[in-house]
Engineer: 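Have a look at this one before I ask anything.
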Protein chains: 2
Amino acid sequence: MEIIASVAAIPLFRGLTPEQYDQLGTIATVQQFERGQTIFSEGAAGAGFFVVQSGRVKIYKLSIDGKEQILHVFGPGEPFAEVAVFLGAPFPAHAMALERSSCYFFPRAAFTGLIASNPSLAMNMLASLSIRLRQFAHMIEDLSLKEVPGRLAAHLLFLSSQQDGGDRLRLHITKAQLASLLGTIPETLSRILAKLQKQGIIAADGAEITIIDRERLEELASGEARL
Amino acid sequence: MEIIASVAAIPLFRGLTPEQYDQLGTIATVQQFERGQTIFSEGAAGAGFFVVQSGRVKIYKLSIDGKEQILHVFGPGEPFAEVAVFLGAPFPAHAMALERSSCYFFPRAAFTGLIASNPSLAMNMLASLSIRLRQFAHMIEDLSLKEVPGRLAAHLLFLSSQQDGGDRLRLHITKAQLASLLGTIPETLSRILAKLQKQGIIAADGAEITIIDRERLEELASGEARL
DNA sequence: CGCTGCGTTGAGCTTCTTCAACGATCGTGG
DNA sequence: CCACGATCGTTGAAGAAGCTCAACGCAGCG
């Protein structure tokens with residue numbers, strides 16, 4: 001089983017014993033999704049959870065008139081839809097593959113069995129959910145207390161730190177998706193990117209963005225400054 | 001120890017054995033807070049987590065210019081600040097007692113020890129965090145995809161279901177706090193409440209609110225209708 | 001070559017916030 | 001018992017931020 005070996009590389013499962021990897025590898029299956037394919041819809045029964053193996057997956061909500069708010073974009077090694085496992089409840093949001101992606105799938109019943117007998121797996125899971133919770137709290141804070149330029153600035157700084165920490169960074173999603181992630185629309189995002197460039201704070205070339213005045217960007221992100 | 005007996009009544013600890021209650025009661029202490037007293041501030045070291053015994057506690061974020069976004073208002077039996085336990089990280093938000101309140105406090109190290117040896121406690125905790133996560137996802141959805149009337153309508157329906165499920169409900173927080181919970185300001189909330197009354201959808205008398213046209217309220221909450 | 005998705009720009013409008021003033025209530029201290 | 005201040009809630013007028021609608025350029029791809 002090659003699954004077993006690759007499961008061991010998932011951060012969520014760090015620090016487990018070889019036997020535990022075996023168990024995980026035994027219950028896991030791999031699923032393939034095409035770009036744009038729906039992985040599950042809000043309200044569907046949650047039979048288990050996923051971990052991205054390759055590709056990119058968005059988790060999102062839709063309003064009644066079709067507007068989208070992206071909650072997360074997950075890449076390799078990141079779990080999603082764990083909530084369904086621990087509540088035995090329907091998925092609370094939609095999931096779609098942004099590119100051709102493959103995901104491990106862990107069925108609910110088998111996984112909860114593993115947790116019950118593996119305290120360190122339980123602790124890993126608790127830490128993972130806690131991180132998620134903190135991210136959501138941050139998102140709520142941004143949506144409610146910052147304006148779009150502030151959210152964008154914070155996101156660019158986040159991307160910079162996620163990547164090499166330097167001033168040059170790449171967007172891994174389209175600008176329309178970035179807009180949805182920031183809780184706004186493409187038009188508004190486009191205008192604000194233009195403003196940031198005009199003011200010499202960043203330079204943008206397609207998905208390639210360069211931070212020119214990091215200090216001002218940080219002031220924007222913290223809410224000290226305005227555009 | 002009276003603590004042990006009362007700890008058993010906390011939903012988070014439902015289904016544990018008497019010995020487990022003993023252990024929990026042993027590590028728990030009780031803390032008293034006055035109305036308006038800060039329980040902890042964002043960024044402070046998280047030495048453990050709390051469960052409300054009596055009173056009411058708000059968890060909130062502040063912007064640089066003092067604007068507040070309430071993330072949660074917790075009442076008796078509800079845990080808060082668990083994230084600090086599982087990440088060993090600083091508190092990600094502020095906590096303040098809205099009334100004279102008392103809380104159980106569970107120190108981090110002792111509690112993680114209990115979790116490691118009590119799978120059902122771990123499962124309870126995972127379920128608790130999952131619920132929290134779902135609530136946050138809902139809040140993000142509301143903030144980003146609904147306008148204030150929709151958020152208010154959804155909250156009133158939520159309160160109705162939380163209470164007796166009937167058409168008569170009470171706000172347990174001030175309207176200024178409700179505004180902060182809904183991601184807006186008191187002025188806006190006041191105007192929208194007035195509109196809802198003028199249109200015969202609700203009747204409001206101070207903290208006492210009566211749903212008159214539940215159908216229209218549901219349409220507002222779902223985004224089908226506008227004011 | 002034309003289609004489709006992505007991104008940008010402009011004009012107008014809606015929603016919400018800001019600023020200011022004012023009434024009501026409540027607890028406290030004189 | 002009353003006066004006072006503080007908190008809370010309401011209302012009005014003006015302004016800002018962001019959304020909607022529409023048009024258009026551009027690139028990739030069948």
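Chain identifiers are assigned alphabetically (A, B, ...) following the order of the sequence lines, protein sequences preceding nucleic acid strands; residue numbering begins at 1 within each chain.
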Engineer: Over how many whole Å does the gap from A/Leu143 atom CG to C/dC16 atom C1' extend?
Structural biologist: 15 Å
Engineer: Looking at C/dT18, does its base get a donor-acceptor pair with the side chain of B/Arg191 below 3.5 Å?
Structural biologist: yes
Engineer: Return the value, rounded to whole Å, for the distance between atom CG of B/Leu145 and atom C1' of D/dT20.
Structural biologist: 16 Å
Engineer: Measure from NZ on A/Lys195 to C1' on C/dT8 and round the result to the nearest Å.
Structural biologist: 15 Å
Engineer: Using a strict 4.0 Å threshold on nitrogen-to-oxygen distance, state whether A/Glu99 and A/Arg35 make a salt bridge.
Structural biologist: no
Engineer: Would you confirm whether B/His94, through its side chain, and B/Glu42, through its main-chain N or O, come within 3.5 Å as a donor-acceptor pair?
Structural biologist: yes
Engineer: Should A/Thr174 be listed as having a side-chain N or O under 4.0 Å from OP1 or OP2 of C/dC6?
Structural biologist: no
Engineer: Does any N or O in the side chain of A/Ser144 come within less than 3.5 Å of the main-chain N or O of A/Ile140, such that one atom is a donor and the other an acceptor?
Structural biologist: no
Engineer: Please check the phosphate of C/dT17 (OP1 and OP2 only) for any side-chain N or O of B/Thr184 closer than 4.0 Å.
Structural biologist: yes
Engineer: Given atom CG of B/Leu189 and atom P of D/dT10, what is their separation to the nearest angstrom?
Structural biologist: 8 Å
Engineer: For B/Leu171 and D/dC8, what is the distance between atoms CG and P respectively, to the nearest whole Å?
Structural biologist: 14 Å
Engineer: Roughly how many Å is it from CD in B/Glu187 to C1' in C/dA20, rounded to a whole number?
Structural biologist: 10 Å
Engineer: Please confirm whether the shortest side-chain N or O distance from A/Lys175 to OP1 or OP2 of C/dT8 is below 4.0 Å.
Structural biologist: yes
Engineer: So which one's nearest nucleotide on DNA chain D is more toward 5', A/Gly183 or B/Pro186?
Structural biologist: B/Pro186
Engineer: For B/Arg226 and B/Ala176, take the nucleotide of DNA chain D holding the closest heavy atom to each; which residue's nucleotide lies nearer the 5' end?
Structural biologist: B/Ala176
Engineer: Between A/Glu78 and A/His72, is there a side-chain heavy-atom distance shorter than 4.5 Å?
Structural biologist: no
Engineer: Which atoms form the tightest heavy-atom contact between A/Glu224 and B/Ile64, and what is the distance?
Structural biologist: CG-CD1, 3.3 Å
Engineer: In whole angstroms, how far is the P atom of D/dC29 from the CZ atom of A/Arg35?
Structural biologist: 10 Å
Engineer: Between atom NZ in B/Lys67 and atom P in D/dA17, what is the gap in whole Å?
Structural biologist: 12 Å
